[in-house]
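Everything below concerns the one structure shown next.
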Protein chains: 2
Amino acid sequence: MDAPAPRRTRIQREKREVILEAALDVFSTHGFRGATIDQIAEAAGMSKPNLLYYFRRKEDIHTTLMQRLLDTWLAPLREIDDVGDPLTELRGYIRRKLEMARDFPRESRLFANEILQGAPRIMPMLEGELKSLVDEKAEIIKGWMRAGKIATTDPRHLIFSIWATTQHYADFDVQVRAVLGPDRGGEGRFEDAARFLEQLFLSGLVPRR
Amino acid sequence: MDAPAPRRTRIQREKREVILEAALDVFSTHGFRGATIDQIAEAAGMSKPNLLYYFRRKEDIHTTLMQRLLDTWLAPLREIDDVGDPLTELRGYIRRKLEMARDFPRESRLFANEILQGAPRIMPMLEGELKSLVDEKAEIIKGWMRAGKIATTDPRHLIFSIWATTQHYADFDVQVRAVLGPDRGGEGRFEDAARFLEQLFLSGLVPRR
DNA sequence: CTAACGTTTGTCCATCCGGTCAAAAATTTG
DNA sequence: CAAATTTTTGACCGGATGGACAAACGTTAG
């Protein structure tokens with residue numbers, strides 16, 4: 001559609017990767033407007049004009065990054081399937097999302113930044129690709145509810161709550177660490193979170209008799 | 001400590017409020033770096049030099065805003081009390097937090113922006129005021145758990161999950177609306193969210209026999 | 001009324017930032 | 001090797017932006 005045939009040399013392929021990696025760092029901590037081409041160029045170990053030889057505009061870098069992101073970002077949700085035990089399926093989804101928050105926090109923050117600012121560049125994808133994917137999975141979940149496999153509730157808000165709780169550990173990482181302190185805020189915090197979320201989503205807070 | 005005695009005229013008091021109100025709009029949607037003094041001045045209905053007469057630096061506006069914010073932002077958590085039924089107490093906290101997301105979404109986004117970017121301006125408050133407040137309330141919750149009033153789990157992660165799920169409706173509002181669509185994304189979404197969260201936190205997803 | 005004080009504005013400045021350009025340097029190709 | 005092509009760089013440009021300043025304007029108290 002857009003790019004007819006981006007024939008690239010070896011150097012172009014490599015350097016573009018270096019730039020995208022550096023840009024992920026900078027965009028995810030400063031947002032689009034807050035990031036400067038100089039910062040990205042410096043992080044990528046090259047001069048600004050050199051960087052602009054590979055990406056002609058700052059926005060091109062961001063767009064490329066967002067396009068790649070959405071695919072991997074929605075992968076865990078895509079995996080939800082009708083076969084298999086519903087509770088196991090949901091538990092697996094929560095686990096996968098939490099692992100993504102742990103392993104790809106910059107991607108999570110990049111996404112959060114974009115949404116926070118009103119999603120100016122990815123609104124179409126939210127209303128199109130994302131909405132239809134959620135609609136599809138919400139139907140599956142509804143089926144589980146009708147079959148009595150899980151409690152009856154709003155499937156879309158269930159998905160929101162999984163997104164919110166897991167991504168919180170990436171997006172609000174500094175706050176989580178500050179509150180937990182040096183002892184509890186170390187590497188173990190993701191295991192603690194996993195244990196807590198499993199219990200929350202399964203049985204909530206009512207004590208078992 | 002810092003300001004010895006800020007004696008202000010009536011006009012100063014009024015105009016500063018107008019500016020802070022306008023700045024909340026601009027900062028919460030564009031972040032600190034993304035916001036310009038011109039934008040804020042325009043939103044406040046005055047010229048840039050005029051605005052700079054009331055706040056000498058852009059950062060002063062942001063700082064003032066953040067200081068005020070934290071007080072009101074933590075108020076719901078402060079209200080959690082040892083007296084009264086634990087489950088009722090927690091349900092009330094969730095409700096209050098969700099109401100804040102509904103009624104003060106700009107404040108929520110301002111806060112989220114700050115944390116996302118590493119909390120460069122409020123880190124001390126997170127490690128001090130916020131941490132000790134959470135520590136204090138976590139102790140209360142732990143007491144409830146020991147008494148068998150609520151399920152035993154990690155009280156700090158419980159608080160995180162309440163923050164995450166409720167603030168999600170303010171911070172990720174555009175995504176929530178996009179996914180829910182025009183019909184379900186209207187005014188009713190907060191009632192739906194309230195119902196869902198109540199059920200999630202109380203009894204989770206395991207179906208009742 | 002008038003002097004003192006508070007408020008507003010137009011103008012200006014230095015810096016930053018996204019982006020261009022031509023020429024030099026490096027690499028690939030014949 | 002030499003020509004053709006790709007990559008890198010330094011210098012530069014125009015516009016945006018944070019902020020300074022003095023002069024003009026408005027308000028208030030004696």
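We name chains A, B, ... by the order of the sequence lines, and we start the count at 1 in each one. Keep in mind the model is a prediction, meaning the values are calculated, not measured.
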What orientation do A:H62 and A:F27 show, parallel under 30°, tilted 30 to 60°, or perpendicular over 60°?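 Answer is perpendicular, since the angle exceeds 60°.
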Classify the angle between the aromatic ring planes of B:H157 and B:F160 as parallel (below 30°), tilted (30 to 60°) or perpendicular (above 60°). perpendicular
Under a 4.0 Å heavy-atom cut-off, which of residues 11-37 of chain A touch DNA chain C? A:A35, A:T36, A:I37
Under 4.0 Å, heavy atom to any atom of DNA chain C: which of residues 45-60 of chain A qualify?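 Per residue number, the list reads A:K48, A:P49, A:L52, A:R57, A:K58.
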Do A:R16 and A:F55 form a cation-pi contact, if we require the NZ or CZ to be under 6.0 Å from the six-membered ring centre and within 45 degrees of the ring's axis?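 Yes.
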Does atom NZ of A:K142 have more than 12 heavy-atom neighbours from other groups under 6.0 Å away?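 Incorrect, the count does not exceed 12.
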Would A:E21 and A:R106 count as a salt bridge (charged side-chain N to carboxylate O under 4.0 Å, His left out) if you check the C-alpha gap in whole Å, the side-chain angles of each, and the deciding distance to 0.1 Å? CA-CA 10 Å; A:E21 166 68 23; A:R106 296 176 305 171; 2.9 Å; yes
Do the charged groups of B:E129 and B:R78 touch, with an N to O distance under 4.0 Å? yes
Salt bridge between B:D173 and B:R189, side-chain N to carboxylate O under 4.0 Å?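 Here B:D173 pairs with B:R189 in a salt bridge, since their nearest N and O are under 4.0 Å apart.
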Judged by atom type as modelled, is there a donor-acceptor pair below 3.5 Å linking the side chain of A:R109 to the main-chain atoms of A:T29?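 No, because the side chain of A:R109 does not come within donor-acceptor range (under 3.5 Å) of the backbone of A:T29.
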Whole angstrom is fine here: how far is it from CD in A:E42 over to P in D:dT9?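 Whole-Å distance recorded here is 13 Å.
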